[in-house]
Amino acid sequence: MKTYNWGILGTGSIARKFAKSLHLLDNANLHSAGSRDLERAQLFAHECGFKKHYGSYEAFVDDPDLDIVYISSPHSHHMEHTLLALRNGKHVICEKPMSINASEVEVMISEAKSRGLFLMEALWPPFQPSYIKAREILESGKLGKIVHMSGKFAFISPYDPQRRTYNVELGGGSLLDIGIYPIMDILRFMGHPDSIEASSILSSTGADESTSVIFRFNDGRLAEAYSSFVNMAGISTDFNCERGNIILTRGRDRSQHLLVEYEGCESEEMLFTPPAQGYQFEALEVMHCLDQRLTESHVVPLQFSLDLARTLDAVRKRSGIIYPGRDE
């Protein structure tokens, strides 16, 4: 089994979670950490077990021994940092959303393909055991077809115009930060909607505090997605099918609960608690693909990331969310 040298660009909270997951993988070597601040990079590397650290992103990606870069910088910098890594010959897994808008995602995909390098958006759910089990049940046909879906992701994030979550210059707002999850679920399980309706409550910074979306399909199916920073609605995805339901929920600690309700039968409950909150499954997929000399994942293909970005663009257009200088 080939061992790959991993590096993390950006040293925030999500980077620490991802680093923790890499420790579980025998073929992942924690090689280096990169930050714009040398002291921050050094502290992160020491705390998370990386062998090397760099005080500039340019020096970080220039390391000839680095194989794979995990991009964990703010949304607004995903394209810039992904292109920097690709142009220095590194494979990339980029934290969601892939970038601020679909046109930027197209540039990133084009760059990766032109260089024959691997690129994947770090979408957490499709690799999780609860999600895989839900798909298995749905594909078995026991519940019939999905006729309706409802997804939500909401928690209280105290208002602060300086925080990333409320800073539109950094791509802040509930839609790109957490609304992407229920929207992703709907696209994966129901396909592309024929029409989209959306409405947002904007904060004084212009970032959306809450966003609600309705997806309509010409065959009569419906789906709703909701995200918010101003209530504790939690995280869940409901699948309403012809002969039963699946209710998928998870806590902020990423513990995963699956409830299956069959028509005329007792319900079935399952609990999944993967170590390191399950982030290691994304890293495993990257290395598995590289072992097979693939430049994209079959689980999260580049076309899906582009379709997701286009859907998010459509939602923002209808709900009035604007990222200055990044919207056409």
Side-chain angles (χ1 to χ4, degrees), residues 6-24 28 30-61 63 66 68-85 90 92-100 104 108 119-125 127 153 155-181 205 207 227 229 235 251-254 276-283 286 323 326:
W6 280 81
I8 292 185
L9 186 153
T11 55
S13 60
I14 190 68
R16 292 177 183 276
K17 293 176 182 179
F18 196 85
K20 182 179 179 181
S21 73
L22 291 177
H23 282 280
L24 301 176
L30 280 70
H31 180 266
S32 54
S35 172
R36 287 199 174 102
D37 183 304
L38 181 60
E39 185 176 342
R40 187 179 177 90
Q42 184 177 23
L43 178 63
F44 179 88
H46 174 72
E47 292 181 350
C48 297
F50 286 87
K51 297 177 177 62
K52 302 171 72 173
H53 62 274
Y54 293 94
S56 80
Y57 295 143
E58 291 75 16
F60 166 72
V61 297
D63 189 319
L66 179 60
I68 307 167
V69 174
Y70 170 64
I71 305 291
S72 63
S73 52
H75 308 336
S76 54
H77 291 69
H78 284 180
M79 180 176 73
E80 173 191 349
H81 294 153
T82 293
L83 295 180
L84 178 66
K90 314 306 179 188
V92 173
I93 172 173
C94 180
E95 188 51 57
K96 60 79 195 166
M98 185 80 93
S99 197
I100 292 292
E104 294 184 2
M108 296 159 72
L119 175 63
M120 186 181 84
E121 185 174 11
L123 294 177
W124 182 87
F127 300 99
F153 197 135
F155 62 92
I156 296 175
S157 178
Y159 176 74
D160 181 347
Q162 301 305 315
R163 292 186 66 178
R164 177 192 61 79
T165 48
Y166 285 96
N167 187 340
V168 291
E169 298 295 336
L170 298 179
S174 75
L175 177 65
L176 293 191
D177 205 60
I178 53 179
I180 187 174
Y181 290 111
T205 66
S227 61
F229 288 148
I235 311 169
R252 293 301 307 281
D253 63 352
R254 299 299 193 272
Q277 299 181 5
Y279 286 101
Q280 69 274 19
F281 302 132
E282 300 171 31
V286 175
Y323 296 111
R326 307 296 281 271

> If only atom types and distance count, is the side chain of S72 paired as donor or acceptor with the main-chain N or O of G10 below 3.5 Å?
Replying inline: yes

> How long is the span from the CG atom in L30 to the NZ atom in K20, to the nearest 0.5 Å?
Replying inline: 13.5 Å

>> If I compare all heavy atoms of R326 with all of S76, which pair ends up nearest, and what's the gap?
In response: NH2-O, 3.0 Å

>> Please determine whether side chain to side chain contact (heavy atoms under 4.5 Å, CB included) holds for the pair M108 and M79, giving the CA-CA distance in whole Å, both sets of side-chain angles, and the decisive distance to 0.1 Å.
In response: CA-CA 6 Å; M108 296 159 72; M79 180 176 73; 3.7 Å; yes

> Is the shortest heavy-atom distance from the side chain of I93 to the side chain of W6 under 4.5 Å?
Replying inline: yes

> Which pair of heavy atoms, one from I100 and one from G171, lies closest together, and at what distance?
Replying inline: CD1-CA, 3.6 Å

> Rounded to the nearest 0.5 Å, how far does OG1 of T11 lie from CD of Q42?
Replying inline: 12.5 Å

>> Do L22 and Y279 have side chains that approach each other closer than 4.5 Å (heavy atoms only, starting at C-beta)?
In response: no

>> Test your reading of the model: is there a side-chain donor-acceptor pair from K96 to the backbone of I180, 3.5 Å cut-off?
In response: no

> Do the side chains of M120 and C94 get nearer than 4.5 Å, heavy atoms only?
Replying inline: no

>> Does the plane of the ring in F153 sit parallel, tilted or perpendicular to the ring in Y181? Use 30° and 60° as the thresholds.
In response: parallel

>> When you measure from the side chain of H53 to the backbone of L38, do you find a donor-acceptor pair of N or O atoms at a distance under 3.5 Å?
In response: no

> At their closest point, which heavy atom of D177 faces which heavy atom of H75, and how far apart are they?
Replying inline: OD1-NE2, 3.4 Å

>> Would you compute the distance between atom OH of Y166 and atom OH of Y159 and round it to the nearest 0.5 angstrom?
In response: 8.0 Å

> Is any side-chain heavy atom of F18 less than 4.5 Å from a side-chain heavy atom of Q280?
Replying inline: no

> Do E47 and R16 have side chains that get closer than 4.5 Å, going by heavy atoms?
Replying inline: yes

> Are any side-chain N or O atoms of H23 and backbone N or O atoms of C48, one a donor and one an acceptor, separated by less than 3.5 Å?
Replying inline: yes

> Hey, are the side chains of F229 and I156 touching, using non-hydrogen atoms and a 4.5 Å cut-off?
Replying inline: no

> Which atom pair, heavy atoms only, marks the closest approach of Y70 to A122?
Replying inline: CE1-CB, 4.3 Å

> Which distance, rounded to the nearest 0.5 Å, do you find between the CD1 of I235 and the CD1 of I178?
Replying inline: 8.0 Å

> Got a donor-acceptor contact below 3.5 angstrom from the W124 side chain to the Q277 backbone?
Replying inline: yes

> Taking E121 for the side chain and M98 for the main chain, is one N or O donor matched with an acceptor at less than 3.5 Å?
Replying inline: yes

> Rounded to the nearest 0.5 Å, how far apart are CD1 of I68 and CD1 of I8?
Replying inline: 11.5 Å

>> Run the side-chain hydrogen bond (donor to acceptor under 3.5 Å, both in side chains) test against Y54 and tell me which residues pass, sequence neighbours left out.
In response: K52, D63

> Hey, are the side chains of V69 and F60 touching, using non-hydrogen atoms and a 4.5 Å cut-off?
Replying inline: yes

>> Going by salt bridge (charged side-chain N to carboxylate O under 4.0 Å, His left out), name the pairs with one or both residues in residues 30-41, residues two or more places apart or in two chains.
In response: R36-E80

> Do E95 and I71 come close enough that some side-chain heavy atom pair is under 4.5 Å?
Replying inline: no

>> Can a side-chain donor-acceptor contact be found between S73 and H81 if the only test is distance below 3.5 angstrom?
In response: yes

> Do you know which two heavy atoms are closest between V168 and A207, and how far apart they sit?
Replying inline: CG1-N, 3.4 Å

> Say you draw a straight line from CG of L176 to NE2 of H78; how long is it, rounded to the nearest 0.5 Å?
Replying inline: 10.0 Å

> Shortest non-hydrogen contact from A85 to V92?
Replying inline: CB-CG2, 3.6 Å

> With sequence neighbours left out, what residues match S21 under side-chain hydrogen bond (donor to acceptor under 3.5 Å, both in side chains)?
Replying inline: none

